[in-house]
> 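One structure coming up, written as C-alpha cells, with questions to follow.
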Amino acid sequence: MRNTPPIKMIMIGNCRVSIFRNLVVKDGKEIELPKVVLEVRYRDKTGRWRSTQAMTLREIPKAILALQKAFEHLASQKS
C-alpha cells in the first residue's frame, strides 16, 4: 500500500492492524494524521502469505481487539 513502513503493527491471531504516519498540509501547516489499515492474513495454496479485508465470524473479535489496541496506542501518543 505504501512505500514507507508502518510505525506500528498489531497482530491478534491472523488479524493485523498497521499504523502509518500520514502527513497533510492544513492552513499552511504540516500536521500528522495517522492512518490505520486492517488486514486478515492467510496462506494461499502455495504457502505464500496473502491479505484480505474479508473476515469470518471468528475473526471479527480479533479485528475489534486489534483496532482497539491501535486506538489506545494513537490516543496515548496525543496525551
> With side chain to side chain donor-acceptor pair (under 3.5 Å) as the rule and sequence neighbours excluded, what pairs involving residues 61-74 come up?
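Only Q68-E72 qualify under side chain to side chain donor-acceptor pair (under 3.5 Å).
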> Residues sharing W49's hydrophobic cluster, by side-chain heavy-atom contacts under 4.5 Å among ILVMFWY, directly or via others?
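Same cluster as W49: nobody, lone residue.
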> Between F20 and T4, what is the shortest heavy-atom contact and its length?
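Nearest pair, atom of F20 first, then T4: CE2-O, 3.5 Å.
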> Any salt bridge (charged side-chain N to carboxylate O under 4.0 Å, His left out) pairs touching residues 42-55, not counting sequence neighbours?
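Sorted pair list: D44-R50.
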> I need the Q77 CD to I19 CD1 distance, nearest 0.5 Å.
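With rounding to 0.5 Å, CD (Q77) is 8.5 Å from CD1 (I19).
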> Measuring only between side-chain heavy atoms, which start at C-beta, is Y42 closer than 4.5 Å to T52?
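Side chain of Y42 against side chain of T52, heavy atoms only: contact under 4.5 Å found.
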> Can you name the residues that form a salt bridge (charged side-chain N to carboxylate O under 4.0 Å, His left out) with E32, not counting sequence neighbours?
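Salt bridge (charged side-chain N to carboxylate O under 4.0 Å, His left out) list for E32, sorted by chain: R21.
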> Specify the closest pair of heavy atoms between A54 and V40, including all atoms of both residues, with the distance to one decimal.
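Between these two residues, the closest heavy atoms are O-CG2, 3.6 Å.
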> Listed by chain and number, what are the side chain to side chain contact (heavy atoms under 4.5 Å, CB included) partners of V24, not counting sequence neighbours?
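If we apply the side chain to side chain contact (heavy atoms under 4.5 Å, CB included) test to V24, skipping adjacent residues, the hits are N22, I31, L33.
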> Please identify each residue that fulfils side chain to side chain contact (heavy atoms under 4.5 Å, CB included) with L67, with sequence neighbours left out.
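L67: side chain to side chain contact (heavy atoms under 4.5 Å, CB included) contacts with V17, V36, L38.
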> Among residues two or more places apart or on two chains, list those pairs meeting side chain to side chain donor-acceptor pair (under 3.5 Å) that have a residue in residues 9-20.
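Passing the test, one end in residues 9-20: N14-E59, R16-E39.
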